[in-house]
Amino acid sequence: MDKPLWEVIVDFINQTGFAHLTWQQAVMIGVSGVLIYLAIKKEYEPLLLLPIAFGMLLANLPLAGLMEGPIMEEGEVKQVGGLLYYLYQGVKLGIFPPLIFLGIGTMTDFGPLLANPKSFFLGAAAQAGIFAAFFLALLLGFTGPEAASIGIIGGADGPTAIYVTSLLAPELLGPIAVAAYSYMALVPIIQPPIMRALTTKAERQIVMEQLRPVSKLEKILFPIAVTLLGALLLPSTASLLGMLMLGNIFRESLVVDRLSKTAQNELMNIVTIFLGVTVGATANAELFLTIGTLKIVGLGLLAFGFGTAGGTLLGKLMCKLSGGKINPLIGSAGVSAVPMAARVSQVVGQKENPNNFLLMHAMGPNVAGVIGSAIAAGVFISLFG
Amino acid sequence: MDKPLWEVIVDFINQTGFAHLTWQQAVMIGVSGVLIYLAIKKEYEPLLLLPIAFGMLLANLPLAGLMEGPIMEEGEVKQVGGLLYYLYQGVKLGIFPPLIFLGIGTMTDFGPLLANPKSFFLGAAAQAGIFAAFFLALLLGFTGPEAASIGIIGGADGPTAIYVTSLLAPELLGPIAVAAYSYMALVPIIQPPIMRALTTKAERQIVMEQLRPVSKLEKILFPIAVTLLGALLLPSTASLLGMLMLGNIFRESLVVDRLSKTAQNELMNIVTIFLGVTVGATANAELFLTIGTLKIVGLGLLAFGFGTAGGTLLGKLMCKLSGGKINPLIGSAGVSAVPMAARVSQVVGQKENPNNFLLMHAMGPNVAGVIGSAIAAGVFISLFG
Amino acid sequence: MDKPLWEVIVDFINQTGFAHLTWQQAVMIGVSGVLIYLAIKKEYEPLLLLPIAFGMLLANLPLAGLMEGPIMEEGEVKQVGGLLYYLYQGVKLGIFPPLIFLGIGTMTDFGPLLANPKSFFLGAAAQAGIFAAFFLALLLGFTGPEAASIGIIGGADGPTAIYVTSLLAPELLGPIAVAAYSYMALVPIIQPPIMRALTTKAERQIVMEQLRPVSKLEKILFPIAVTLLGALLLPSTASLLGMLMLGNIFRESLVVDRLSKTAQNELMNIVTIFLGVTVGATANAELFLTIGTLKIVGLGLLAFGFGTAGGTLLGKLMCKLSGGKINPLIGSAGVSAVPMAARVSQVVGQKENPNNFLLMHAMGPNVAGVIGSAIAAGVFISLFG
Amino acid sequence: MNILEILESGTKIMIIGLATVFIALSGIVLTVTLISKAVNYERPNKGKAKTDIKENSNLEIKVAEETSKIETQAEDEELIALITAAVAASLNRSTHNVIVKSVNRITGTGSQWSKAGRYEYISSKL
Amino acid sequence: MNILEILESGTKIMIIGLATVFIALSGIVLTVTLISKAVNYERPNKGKAKTDIKENSNLEIKVAEETSKIETQAEDEELIALITAAVAASLNRSTHNVIVKSVNRITGTGSQWSKAGRYEYISSKL
Amino acid sequence: MNILEILESGTKIMIIGLATVFIALSGIVLTVTLISKAVNYERPNKGKAKTDIKENSNLEIKVAEETSKIETQAEDEELIALITAAVAASLNRSTHNVIVKSVNRITGTGSQWSKAGRYEYISSKL
Ligand code: NA
Ligand code: NA
Ligand code: NA
């Protein structure tokens, strides 16, 4: 404190972020601005994309150190870590994505799937996009764990993608999360041309029979059965699938309403804020401004496309096998992106035949796709984890 | 990756849970199924029992590792722990049960107790079940801390039982939690025969005077006084009793409505989900499928019975001393199990005399029983903790 | 257990808190009683003061050990820590205050500030109180970090004061939090005499022009601009300012309603309970019953006074410069204490001229004061942190 | 790894992965079908009624946020009926288009824990 | 430990335990009684009114979930009175059986923090 | 440190501190003014309408707690209009003083995630 005033001022200026801002950080701040625009103006999955974008902005402010860990000295904390560092632990330790799945479980009605279990095959076929993108990513030079994380974008399931990436390739969390949520928002633009290209007008006009009602008992037994089968076949999927099904049994049991409500509202919202901001905050300039990010964006788009094609093609096959009772358009809903992809099936179908209501039928493959990509995630985790 | 495809497939099959499922785990999964049935169909305290049962299911899935701790190497996390392991820390560190007590405090009206402070003695007498079961557990070969944890089942207070057990005998958490919540749900079946056996028809027909109104000031001073007296007498009860009373002052002060509402709804629900699932997840086959579990189930039932008898008998004595002004049926409500036990008093009383309304009078001993078992918990923790 | 019964009883009595209660602890319990009275009866910021007071009571119960850390042995936890110790980590690690700012951001309408950006200068001038109190605290013998924490009381912003103090002088957390929230509640008593002393009747009667409407786009760009400018100039203010602005963009974007609602209700309430109780619990007798506490109480009052004066005087100057278009009474609202201080401006103004509605105009400096003290906090943290 | 090895291992994983997904989902299809058979063998007409009711309801007003479970206790049904009538009357519509899903009494009727808080009310009815 | 020792130590702990519970609760009874005496000595008639009101109300409708505190500000009382009248009219009942416990304005009237959000509304009334 | 040094360093920090606060807020004032100029150059008449509406509403009833966003879908507007009319009729007031801000359907209309839950309802309307 014995320095003259002007020196103190110079020191102070040197401590500002302006003096340390790199052009890469400036670019990243610009990118976060674009994402904020997409989230607010274009409403691209704003619940996730807005926190992600703001987290990206915060993480690229020089010297702010919001993602920096604590400085330890002889087992004692000498300087506490940044706010986002602590919140990020929930992602790093694999806690937040399963909790979001808990909430999704309480909001998902598997009734249409139970009324027509064959929908499960469509939900499986649409996961082709995951493995196709994985394969292409390997060819583009990504390592196995990286390729797996990129492939999961094709699952069209944000929390699954974040969960797999945080375990297998945390350095890609930023671009993968952004790609996953952006393409989920773009489903109404990506899917229709592919669906039309792969189906005939006659197929698209098929009207499906009304679904049978599903009893309460079936709906309660379903989450137990899926947890058992899924987690016994693929133990590594237990936390995602288990929480999804715990949420669903909360919903269908009708006896724990207050837990169900909290899991799907407050708990999910709190976790979403923390997850979004901190996933965004992993996207610092060094990791994000690479050619890899461009590859990921491209591969993600391909993954969505292949998934849509896979579902639609199996839909065509099932249409044939069933003697024209199944409209192949519901196959594309198997990518998940609940409930957007099911609505796309509805809209595309209705354009050909204004009296065609596919929404309920498309919800079957749609929710099957969530289970399908959770299982694909389990495959990757058990191979590379 | 240079293995032939069939070998990869065999490896994969060996990595499934099916290949590692023991018969003990299968039995545990069956047990969890029974508990889910009791929770949903019979509505046995579903808010806790459903999460507990599902946690038990998840913990017995082989290789899923949901309760496994992280693998550390040279101070670095090499593999993150399972989801339920992290959530379980809230139980292990004694954080969740007091938070549930915070919520219970915001929902408890101590008015009937303040209107008739003698009810406190009934709430004390009903804790006899705790100590009787403790004594019998010692005789059956349990260690002191184990016997104390088993005894607390007789407190008919789930969070208290979980708190004591997590501190004194965490390996018994599964069976004790299941027994505690099951018997709480069975109070309407367990209590009436004992109550009838110990009272005469004339006693059961006694109509009690209406309670005096209690002023707001008394209701505000009460939680402060109880915290001071309780925690000064038994420091080890401070966290349970302190949180219960903090919740109650939130409630009675009328000036922090938004805190009160959150403590009793969202915070409590979140903690209940985490606590239930992870307490259930401690019940792996090794710890649960023992003769000890059967002993605990038996002792728990005896504890409830002795507690009911203790309360009813002191009720009889107070009836005599008061010249017939107190209906001994309200004594059994002292076991807590709020508000079920108070309703049992009401129902049994009304059967003898359709114009007899004991509910309000029974709420006094009922809420006194919560304080009573928190103090009994403090005794055990200070002796064995 | 081979001791005779009477010895066991004596041991037991020696283990009670009564046997260890010091007079200092008794005094602290008395102080907490007074604070509970102020919180409930006088409604002095009860949302914070009631938890703080109850935390103080709990922390001064001998042997309860609610704030004690775990006892470790060879890297293993031998005895778990107290409940409040664990909850306190959220304060110690600087997590809770920014989360409260997130909630405040979702509740703050910066519209009046955007309609009249000159209000910012008033929000800056009112921070004079911070630096004046800092200066006086240095003279009274406090160290730099302590003086900074005391000065921040003048920011009239509870979470900011707690954040700075937890980083720079955690041992002063109790008295500073109590002083900050008490004086915020006392703003209607502290400010009016100062405001009247520094303004003429004619000035107080000035009627201001209606504010222009502010577009949605301006309101969305504002939080981004403030985060960038503020955090680039003062990186150490990033977590407070960033969270405040994240909350505000949640609010203004209109597309993430469910996140906004949760951030301002349940998340904020949960954090408030934990923060209040644990900040109160830092106030043990040793740290609180010192002459320093009296000094802090005095300095805090001076800080509020100087802040009020600073804002009012700049208001006078701006009144002159604008040719009498600005009523200097809105300057005092710059101390923040949202929205109390703005209402004080309204009330004082209306007394002189019943047709004078200053509230909207005073909200500008009022919310500017929140940003102003966050920046002052950043200055102190970067100098002493 | 050279490109050929990558191709080989990538193909393997693709096959294993998609196969696993199909096997898992087929297992689920099988189980679900069996469950459905078992359940509907015993109780073929259940679940129907519910759906019919739903189709009748063009308009669902949720007076209070909480409960999604229709209260079945007589007292509540009476109250709901009353309010339904009142709302319908105000709206000038026939009652069978309007369903009042639930009426919240003091702090959440659905909750087990809140029952304690209601004992005064209950006792006044007994 | 042999069985005798267990019996002995078990009995000791039983006695100490139950005694402690009784002592603690007796202490609370004493304190509560003293408080009650002190409080009711000064204000013997308080608290009565509230109970009377409660007994009159056979029906409590909670229009919105939140507040448990009856709002006392004049504006709110007026609004509540209006709505009470409206609901009662619809229900064809006399008003003194119906209590509208609270009407929620924008995000929770009870809250301190929400006041900031309401200033526009307030100012428009001034 | 002696008293002089304290005075000196204290004064320095005061000056730096207050100056920083003023510089920061001046920077924000500048930016905000520029933004405002840019925004209002392109769209001078926006934002006006909203304020006018607000001034007309002396009374805002929030039937359900949740949404703060006025629903714009035709179906909802129709429902809101109906309820507004009903409430206004009951209150014997003209409708333009009453705004029903939102009517909550099953679990939160504002939410993206809840849309899935509503598909049955949607499909029944299609
Ligand atoms: Na999917
Ligand atoms: Na008890
Ligand atoms: Na301030």
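All chains are named by letter (A, B, ...) in the order of the sequence lines, taking the proteins before the strands, and each is independently numbered beginning at 1. None of the values given here were measured: they were computed from a predicted structure.
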| said: Can you tell me how far apart CE (Met14(F)) and CD1 (Ile130(C)) are? Round to the nearest 0.5 Å. | reply: 11.5 Å

| query | What part of Ala225(C) is in contact with chain F, defined as an atom under 4.5 angstrom from a non-hydrogen atom: side chain, backbone, both or neither? | reply | side chain

| field | Non-hydrogen atoms of Val39(F) and Ser215(C) that approach each other most closely | value | CG1-OG, 3.4 Å

| Given side chains that start at C-beta, do those of Val21(F) and Phe120(C) come closer than 4.5 Å, heavy atoms only? | no

| message | Does atom NZ (Lys118(C)) have a neighbourhood of more than 12 heavy atoms from anything else shown, all under 6.0 Å? | response | no

| message | Heavy-atom cut-off 4.5 Å, strictly under: side chain, backbone, both or neither for Val32(F) against chain C? | response | side chain

| said: Just so I understand: if I count every heavy-atom pair under 4.5 Å between each of Phe380(C), Phe131(C), Phe121(C) and chain F, which residue has the most? | reply: Phe131(C)

| query | Is it the backbone or the side chain of Phe134(C) that comes under 4.5 Å from a heavy atom of chain F, or both, or neither? | reply | side chain

| In Å, rounded to the nearest 0.5 Å, how long is the span from CD1 of Ile16(F) to OG of Ser382(C)? | 9.0 Å

| request: Quick one: which of Gly310(C), Ala368(C), Ala125(C) has the most heavy-atom pairs under 4.5 Å with chain F, could you say? | output: Ala125(C)

| query | Which answer fits Thr20(F), side chain, backbone, both or neither, if we ask what part of it has an atom under 4.5 Å from a heavy atom of chain C? | reply | both

| query | Non-hydrogen atoms of chain F under 4.5 Å away: do they reach the side chain of Leu136(C), the backbone, both or neither? | reply | neither

| chain F contact via Leu228(C) - which portion, at a heavy-atom distance below 4.5 Å | neither

| query | If you count heavy-atom pairs under 4.5 Å between each of Leu113(C), Leu233(C), Ile371(C), Val256(C) and chain F, which one has the most? | reply | Leu233(C)

| note | To the nearest 0.5 Å, atom CZ of Phe222(C) lies from atom OG1 of Thr31(F) at 9.5 Å

| Atom CG of Leu7(F) and atom CZ of Phe135(C): how far apart are they, to the nearest 0.5 Å? | 4.5 Å

| To the nearest 0.5 Å, what is the distance between CD1 (Ile375(C)) and CG (Leu18(F))? | 12.0 Å

| query | Could you state the interatomic distance from CG (Leu229(C)) to CD1 (Ile23(F)), rounded to the nearest 0.5 Å? | reply | 12.5 Å

